[in-house]
Amino acid sequence: MDLMMFKGSVMTSHARILVLYASTYDMLNERQDKVTGCTVRYLFWGEGGEALWEQSEWDPRKPVGVQVAKCSIDTAMREKIPVAPALYDGDFEITTGGDGKPVMRLRNIAYVSNVCIASHINPGFTVPGMVPPEMRPVSYKMVPVESPDGIPAGQPSPGIPAENTGAVDRASDVPETKTDTAKADKQAGKSSK
């Protein structure tokens, strides 16, 4: 959280969040009262995305990853969320819930920017049952990450064929290598001559 302040007896906070989903609802509750609002699912971003950096936990009895937060806001706020996933600045209010525990509620939101979510390769990283490099579809864009042994980004990692590095979906208008194009054509049933 970037900033915390007190407004009377309510603590407020400001944080950058990655909004994954937003949807309005209009329904009847169990007492047949009309209930409206907007459900928002989000992740805390941190300063530069560090709250979402990948985690490793090899003990299957322990959790790994990031939990998604969910809240309900006023229906009118939906128009402030035109894009998702995207980065937003959220204003939160911290109050006491009915059970006496602190509850953080999203009170206002402002669009910051779109995000680019991309897969990447960690050279030498293996997981039981993982898809081997030679079996990865050519439509996946794999972005190698520079490893400690100095392999620069954009270069094939050891054990990963060059034709699997940089292959992208044709709709993205990013150039493919001749090998990628030939493989894609072969998979589509076309012959490359």
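Worth knowing before you read on, the calculation uses all heavy atoms, side chains too, and leaves out hydrogens, waters and symmetry mates.
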Classify the ring geometry between Tyr88 and Tyr111 as parallel (under 30°), tilted (30 to 60°) or perpendicular (over 60°).
perpendicular

Decide side-chain contact (heavy atoms from CB on, under 4.5 Å) for Val103 and Phe92; before the verdict, give the C-alpha distance in whole Å, the side-chain angles of both, and the deciding distance to 0.1 Å.
CA-CA 10 Å; Val103 177; Phe92 293 88; over 6 Å; no

Nearest 0.5 Å, what's the OG1-CG distance between Thr36 and Asp74?
7.0 Å

Under 3.5 Å, side chain of Glu50 to main-chain N/O of Gly48, donor-acceptor pair present?
yes

CA sep, side-chain torsions, deciding dist, call: Thr12, Ile94, side-chain contact (heavy atoms from CB on, under 4.5 Å)
CA-CA 6 Å; Thr12 61; Ile94 301 167; over 6 Å; no

Find the distance between CH2 (Trp45) and CD1 (Ile17) and round it off to the nearest 0.5 Å.
12.0 Å

Would you check, one step at a time, whether the test side-chain contact (heavy atoms from CB on, under 4.5 Å) holds for Val40 with Ile81?
CA-CA 9 Å; Val40 178; Ile81 308 172; 3.9 Å; yes

Applying the 4.5 Å side-chain criterion to the ILVMFWY set and letting contacts propagate, would Val112 and Ile117 be lumped into a single cluster?
yes

Write down the atom of Tyr42, the atom of Val19, and the distance for their closest heavy-atom approach.
CB-CA, 4.1 Å

Measuring only between side-chain heavy atoms, which start at C-beta, is Thr39 closer than 4.5 Å to Ile73?
no

Quick one: do the Ser72 and Tyr25 side chains pair a donor with an acceptor below 3.5 Å?
yes

Side chains of residues 61-71: which donor-acceptor pairs under 3.5 Å do they make with residues two or more places apart or in other chains?
unit_1, atom_1, unit_2, atom_2, d
Arg61, NE, Asp59, OD1, 3.0
Arg61, NH2, Asp59, OD2, 3.1

Sorted by first residue and then second, give each side chain to side chain donor-acceptor pair (under 3.5 Å) pair with at least one member in residues 95-110; sequence neighbours left out.
Lys80-Asn108, Glu93-Arg107, Thr95-Arg105

Value for CD1 (Ile109) from CG (Asp91), rounded to nearest 0.5 Å, stands at 9.5 Å

Rounded to the nearest 0.5 angstrom, the CE-CZ distance for Met104 and Phe44 is 3.0 Å

Apply side-chain contact (heavy atoms from CB on, under 4.5 Å) to residues Asp33 and Leu28 and explain how you reach the verdict.
CA-CA 5 Å; Asp33 298 326; Leu28 298 175; over 6 Å; no

